[in-house]
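Both ligands and their constituent atoms are indexed starting at 1 by order of listing.
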Amino acid sequence: MNRKTFLKTAALAGAAGMVMPKFSLGAGLGSDKIKVAFVGLGGRGTGALINMVDADENIEIVAVGELFPERVEAAKKKLSEHLGRKYKGNGQKKFAEIWKTTGDTTFYGLDAIDKVLQTNADVVALVTPPCFRTPHIEKCLKAGKNVFAEKPVCVDATQLRKIYNELVPLADSKGLKILCGTQMRYHSAIQEAVNRVRDGQIGDIIAADFLRYESSYLHGWYDVPKNLKPDDVEYQIREWLAFRWTSGDQIVEQYVHNLDMALWAIGKLPVEVVGSGGRQIDIPYPERGDRFSNCHAQYEFEDGASLTAACRQEDNTSPYAPFKVFGTKGTLLMSFGKQRILGEKPWESDYQKKPELICEHEALFGAIRNGTPFNTLKTCADSCFVAIAGRESCYAGKRLKLAWVLEKSQQNMVPDNLKLTDKKPVEEVPVCGKYKLV
Ligand SMILES: NC(=O)c1ccc[n+]([C@@H]2O[C@H](COP(=O)([O-])OP(=O)(O)OC[C@H]3O[C@@H](n4cnc5c(N)ncnc54)[C@H](O)[C@@H]3O)[C@@H](O)[C@H]2O)c1
């Protein structure tokens with residue numbers, strides 16, 4: 001390390017008030033590898049694996065925790081094909097440099113994470129169904145691992161409180177980095193749009209409308225073996241999108257992205273919500289789970305502003321996803337692509353410069369290499385909090401204060417010490433007006 005680089009490194013470490021980082025800045029030149037382990041390597045896990053490799057070639061995948069061997073094989077194949085396309089004749093060599101997981105560091109079962117945490121991984125990527133996220137984050141932090149946690153980071157009030165009260169401070173006190181998978185935060189055009197809103201370019205925010213209507217009801221991505229029945233835990237974990245305890249329902253599992261964009265633009269959390277929702281009558285029950293297929297929640301803010309939040313996944317309906325923030329001087333039209341401002345200061349963005357799913361990992365690996373603080377858990381938990389409150393209001397059809405969810409709700413949907421062979425009776429689909437808030 002020359003003197004100039006040393007001074008830069010020392011200044012970064014000093015600025016962060018921390019010890020010198022484990023990874024030298026020379027890592028970018030090929031000297032240090034960041035070791036990554038995956039827990040959950042299905043659709044998004046495989047996507048995140050490829051995004052990580054695109055974000056930083058200097059990583060190694062050293063361990064995997066999964067339930068099913070075919071998912072690991074499928075992920076390896078996709079990574080190998082991706083590297084083959086990217087590096088042409090050198091694809092296989094690159095794959096061998098990156099994929100260091102062996103039979104000894106591939107673990108199966110609901111407790112696979114415990115074995116993954118005994119490996120030398122620096123970062124653990126948590127990409128299982130949502131129900132496991134909070135307990136897995138806790139295990140990772142206690143084991144001293146940095147974390148990539150896909151959204152949502154919690155599914156109920158018990159998990160939410162655990163995150164706010166214990167896990168956010170634990171990560172900070174240990175100087176561990178946590179990236180959460182609300183990737184729109186790394187979308188350059190949305191970043192610019194939010195900066196413009198902060199700069200007063202649409203005036204004071206008075207309302208927002210965020211609709212996410214999908215034209216199909218999402219359930220499992222894979223076939224469920226015929227011998228499994230809906231009350232088998234293994235059935236529910238395979239079909240996790242359809243069950244409330246595994247997914248948190250659409251409003252928490254998927255729509256949290258949109259709530260996160262709305263809350264980011266508005267810049268504060270609501271204080272009250274009133275909602276309603278239901279389930280398309282011909283969605284098979286219990287085979288397709290116990291969740292709603294639509295939720296509509298009206299959130300109120302302390303200053304009188306409101307957010308209309310609606311999500312739907314119903315077959316043969318119109319897909320529609322407008323995200324609008326209304327101010328006293330203009331309107332921000334957000335999207336996953338271009339952003340626009342209408343009104344006194346009209347503006348239209350370019351498309352984002354690089355996919356946000358890559359940028360998020362650049363941010364995490366950059367923080368690890370530079371030893372700079374990086375903990376996005378509280379921000380992601382805030383959006384999950386608002387989603388959980390909205391869901392409960394929609395199920396009950398009742399007006400709720402968000403503080404009630406945070407301070408009083410005893411909801412605890414995820415059983416401890418689960419076994420894949422356990423039985424778990426399928427809950428009834430909530431009925432507005434009858435659903436009991438706990
Ligand atoms: N950020 C995004 O845009 C985005 C997109 C899609 C999914 N996601 C999130 O990613 C997560 C995973 O979604 P997916 O589509 O990949 O689901 P998936 O069903 O394709 O993959 C989940 C994998 O986790 C494995 N698994 C389940 N429980 C496990 C456990 N306890 N230990 C180890 N492995 C376990 C399953 O076998 C499966 O292969 C969800 O939280 C989802 O909300 C995020």
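- In terms of protein heavy-atom proximity, atom 12 (C) of ligand 1 is nearest to Val127 O, 3.4 Å.
- The shortest N or O to N or O distance between Pro152 and ligand 1 is not under 3.5 Å.
- Less than 4.0 angstrom separates some heavy atom of Trp221 from each of these atoms of ligand 1: 14 (P), 15 (O), 17 (O), 18 (P), 19 (O), 20 (O).
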**Prompt:** Would Lys33 and Asn58 count as a side chain to side chain donor-acceptor pair (under 3.5 Å) if you check the C-alpha gap in whole Å, the side-chain angles of each, and the deciding distance to 0.1 Å?
**Reply:** CA-CA 5 Å; Lys33 299 273 185 190; Asn58 244 341; 3.3 Å; yes

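- Atom 19 (O) of ligand 1 has Trp240 NE1, 2.9 Å as its closest protein atom, hydrogens excluded (heavy atom only).
- What sits closest to atom 11 (C) of ligand 1 on the protein, heavy atoms only, is Thr128 O, 3.4 Å.
- For the pair Ala112 and ligand 1, no heavy-atom separation below 4.0 Å is found.
- With a 4.0 Å heavy-atom cut-off, ligand 1 is reached by the side chain of Arg71 but not by its N, CA, C or O.
- The nearest heavy-atom contact from the protein to atom 4 (C) of ligand 1 is Arg44 CD, 3.2 Å.
- In terms of protein heavy atoms, atom 43 (O) of ligand 1 is closest to Glu253 OE2, 2.5 Å.
- Among all non-hydrogen protein atoms, the one lying nearest atom 21 (O) of ligand 1 is Gly42 CA, 3.4 Å.
- Contacts of Glu150 with ligand 1, taken as heavy-atom pairs under 4.0 Å, involve the side chain alone.
- The protein non-hydrogen atom at the shortest distance from atom 20 (O) of ligand 1 is Tyr222 OH, 2.6 Å.
- Judged by the 6.0 Å distance and 45° axis criteria, Lys177 is not positioned over the aromatic ring of Phe374.
- The aromatic ring centres of Phe323 and Phe336 sit less than 6.0 Å apart.
- Listed by atom number, the atoms of ligand 1 under 4.0 Å from Phe68 heavy atoms are 37 (O).
- For Lys174 (side chain) and Lys142 (main-chain N/O), a donor-acceptor pair under 3.5 Å exists by modelled atom type.
- Taking every non-hydrogen atom of Pro129 and a distance limit under 4.0 Å, the qualifying atoms of ligand 1 come out as 24 (O), 26 (N), 27 (C), 28 (N).
- A salt bridge does not link Arg161 with Glu407: every distance from a Lys NZ or Arg NE/NH1/NH2 to an Asp or Glu carboxylate oxygen is 4.0 Å or more.
- To the nearest 0.5 Å, the span separating CG on Asp172 from CG on Leu167 amounts to 11.0 Å.
- No side-chain donor-acceptor contact under 3.5 Å links Glu253 to the backbone of Gly248.
- Geometric assessment of Arg312 against the ring of Tyr213 yields a positive cation-pi assignment under the 6.0 Å and 45° thresholds.
- With a 6.0 Å cutoff to the six-membered ring centre and a 45° limit on the axis angle, Arg71 counts as a cation-pi contact of Tyr222.
- Counting only distance, with no hydrogens or angles, the side chain of Lys145 and the backbone of Ala121 share a donor-acceptor pair below 3.5 Å.
- Residue-ligand proximity: Leu110 is placed with a non-hydrogen atom under 4.0 Å from ligand 1.
- Note on ligand 1: His257 sits in its first shell, one or more heavy atoms being nearer than 4.0 Å.
- Val194 is not listed as a side-chain neighbour of Gln191, based on a closest heavy-atom distance of 4.5 Å or more.
- Atoms of ligand 1 found under 4.0 Å from any heavy atom of Gln183 (numbered from 1 in listed order, with element): 1 (N), 2 (C), 3 (O).
- Summary of contacts: the protein heavy atom closest to atom 9 (C) of ligand 1 is Lys151 O, 3.6 Å.
- Atoms of ligand 1 found under 4.0 Å from any heavy atom of Gly181, numbered from 1 in the order shown, are 1 (N).
- Checking side-chain atoms of Glu392 against main-chain N and O of Val438 turns up no donor-acceptor pair under 3.5 Å.
- Taking every heavy atom of Arg133 and a limit of under 4.0 angstrom, the matching atoms of ligand 1 come to 11 (C), 40 (C), 41 (O).
- Residue contacts with ligand 1: Glu66 is placed with a nitrogen or oxygen under 3.5 Å of a nitrogen or oxygen of the ligand (distance criterion only).
- Test Arg44, Glu150, Arg133 against Thr128 for side chain to side chain donor-acceptor pair (under 3.5 Å) and you get one pass: Arg133.
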